[in-house]
Amino acid sequence: MARIASPHRLRADLGARLVLALLACGTGACNEIADGSLTLVIDQTDLALDPLADPRVTRLALYDDDTGDSLGDAPLRLGGRTRLTAVAPGTRNLRLEALSATNQVLAAARAFDVRLASGRSQEIPLHLRKPLVYVGGGAEIQVSDSAASGIETGALDPIPLAGVRAMATTRGGELLVAALEDASGYSLVWIDTATHTERGRAPLGAPVRSIFVHPLDRYAVVLQTLNDIALVVDLPALVTGTNLESAFRPVSVPRPHSAAFDEDDDLWVISATPANCDTPGLKPGQLLHIDREGNQREAPVALPSLASDIGLNPVTGRPLVALACAGKLMELQDRAFVEVAAIRGLGDVVIDGSTLFTVGWEPPTEPDFLPGVVSVLDLKQPGGGRQVVFPIESVPLTLGEQDSHGNYKYLYIEAVSLAPRAVSVTSHGGRVAFLHTITYSLVTDLNDPVTGLPLCAEFAISLVEQGLTLVDVETGQIVWTRPTSFDNQCLCDRVNRGVCIQDLEASLDGPAYTPTALTILTGGK
């Protein structure tokens, strides 16, 4: 059984700790108060980041994070206490979620390797956090609540940290880890997600391509392509602030591109040139299986094409590799790659539980919009996947030309491709966020608006938009999309006329920048 105390009342009574007490019961019944309790203590956050201050939260639910089995839920009542279902003894990875009346996940927390035993009492800290989206690359880290609904943007105060090149969050929810590049060089910074304040930083000798976190928060691996290093970081050391001098172990890996941890805490690493599908002749790279000291566990396997990301199939234990240029998702079976799915414009491999998510696009069937696609694959049931289509609309534009009635003619610049990056999902995969590069194009003729004489027999407009997008996987609706920069040019009969679409920057929320990293707090990866 468990009891939940109101966080609002506890702010005054218990220093704002929400205490969830689980009694580990054997075959007999549990008493109202009994030895052998496991107390999960939810820490306090700043008020703006506090998920339990959200009036939409109606109850808390506890799950086995490996199986997804419910371990009970209870309404969140102001004042007083209530119970959750008794949890049997054993070692589990737990996930606590704060839910709305419509079952939307408004916050989540995880605790790993929790031992439930009769006759034993202990406290386990939980970091219940909103599913915040962090985006780096500008003068600050932009922060948004992905659970925001309606016309809300979910924007929160940014974190004043410039020069971010890569980011990741711990799955338990306590830390945001970011790699920086600024005038002082390269460094790794870890930030407390309860307050968005810096906890510490360490110098790095080279720029970072990406950061990957162990599924149970034991390690992070920081990939540095310039010096061919995979830096293995002891995450508990960052959390506790102890033994930091031995928390960073460099491992030599040629051209490290993407990584994932196997069931033995060793690494699968893609060794490859960064994917550039328009550049022929690049080496496709290899898939390496190494331990945390850099020793090969088995011989490298050649990749069939340029690879963009890697994940581990939790059902089979085998690596899943995204081949962005080929638009295929492959699984390694008996040292050969077998196609799992074909996805145009393929981005990262994101796994939440036993469900895999990717983002891509399909050729348009009409000029009004480009079909963006979130592919959802159930790894427990091969062939049981589905696709969620979200529309990327064409851009209306007037070129100053008027018809015979004096009305301006409007043309539409069609979206022709989507390149997703840094794909991340919220807990239970309810929403998917990603950095986008959308290319728009239009070819038409053009007349002088004053004389009516032809100016260009072939007037070509190209527009490239950088930004971020959040998609609801259930409805296929874009929750919000935010451009961060534009690049456009015009060609008049193949002669470059420079920028032709004016005032694009006015549609940005702030200064233009190219987003470089994205992660969702306590989400799936």
Side-chain angles (χ1 to χ4, degrees), residues 275-278 304-311 320-331 337-352 355-379 381-397 411-426 429-443 460-483 515 518 524:
N276 185 342
C277 304
D278 298 324
S305 180
L306 295 177
S308 57
D309 198 18
I310 185 173
L320 289 163
V321 175
L323 305 179
C325 299
K328 295 180 179 180
L329 181 68
M330 313 289 285
E331 181 172 281
F337 286 98
V338 177
E339 183 176 329
V340 175
I343 303 163
R344 185 185 295 266
L346 180 61
D348 293 350
V349 174
V350 181
I351 298 174
D352 182 39
T355 306
L356 183 142
F357 298 84
T358 62
V359 178
W361 57 277
E362 292 187 346
T365 57
E366 51 188 284
D368 294 337
F369 68 90
L370 176 76
V373 176
V374 177
S375 295
V376 184
L377 303 178
D378 186 347
L379 298 173
Q381 298 178 356
R386 60 189 176 94
Q387 289 190 331
V388 179
V389 178
F390 58 93
I392 302 173
E393 297 180 348
S394 300
V395 177
L397 176 69
L411 301 173
Y412 287 88
I413 309 176
E414 299 177 10
V416 295
S417 68
L418 164 68
R421 295 179 291 118
V423 180
S424 190
V425 304
T426 60
R431 292 181 171 183
V432 173
F434 56 93
L435 302 180
H436 70 245
T437 301
I438 303 174
T439 301
Y440 300 84
S441 180
L442 170 68
V443 177
I461 303 174
S462 67
L463 171 64
V464 177
E465 175 187 302
Q466 303 275 0
L468 56 147
T469 299
L470 179 70
V471 176
D472 189 299
V473 176
E474 298 303 319
T475 64
Q477 299 295 314
I478 295 179
V479 181
W480 41 252
T481 183
R482 298 174 186 163
L518 175 148

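Note that the structure is predicted; figures quoted are calculated from it, not measured.
In this structure, L518 and A422 approach most closely via the heavy-atom pair CD2-O, 3.2 Å. V388 and G476 get closest at one heavy-atom pair: CG1-CA, 3.3 Å. Residue A307 comes nearest to V321 through the heavy atom pair CB-CG1, 3.8 Å, listed as atom of the first residue, atom of the second, then distance. A322 and L346 make their closest contact through CB-CD2, 3.5 Å (heavy atoms, listed as atom of the first residue, atom of the second, distance). Closest heavy-atom contact between V416 and S441: CG1-CB, 4.1 Å. Listed here is the closest heavy atom pair of I438 and A415: CG2-CB, 4.2 Å.
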Compile the donor-acceptor pairs under 3.5 Å between side chains in residues 361-374 and protein atoms, sequence neighbours left out, one pair per line.
residue, atom, partner, partner atom, Å
W361, NE1, L418, O, 3.1

Can you list, pair by pair, the side-chain donor-acceptor contacts under 3.5 Å of residues 460-474, counting residues two or more places apart and other chains?
residue, atom, partner, partner atom, Å
E465, OE2, H436, NE2, 2.9
Q466, OE1, T437, OG1, 2.9
T469, OG1, H436, ND1, 2.7
T469, OG1, T481, OG1, 3.1
D472, OD1, E474, N, 2.9
D472, OD1, T475, N, 3.2
D472, OD2, R431, NE, 3.4

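Between the side chain of D348 and the backbone N or O of V423, at least one donor-acceptor pair lies under 3.5 Å.
Summarising the geometry, atom OG1 belonging to T439 is positioned 12.0 Å from atom CD1 belonging to I413; distances are rounded to the nearest 0.5 Å. With rounding to the nearest 0.5 angstrom, the CD atom of E331 is 10.0 Å from the CZ atom of F337. Within the model, atoms CD of Q387 and OG1 of T358 stand 8.0 Å from one another, a figure rounded to the nearest 0.5 Å.
Counting non-hydrogen atoms of neighbouring residues, nucleotides and ligands closer than 6.0 angstrom, the CD atom of E393 reaches no more than 12 such neighbours.
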Verdict with reasoning, I351 to L320, per side-chain contact (heavy atoms from CB on, under 4.5 Å): CA-CA 10 Å; I351 298 174; L320 289 163; 4.1 Å; yes
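At least one side-chain heavy atom of F357 sits less than 4.5 Å from a side-chain heavy atom of T355. Within the 4.5 Å cutoff, no side-chain heavy atoms of L356 are placed close to those of V340. Side-chain contact between F390 and I392 is present, with heavy atoms from C-beta onward closer than 4.5 Å.
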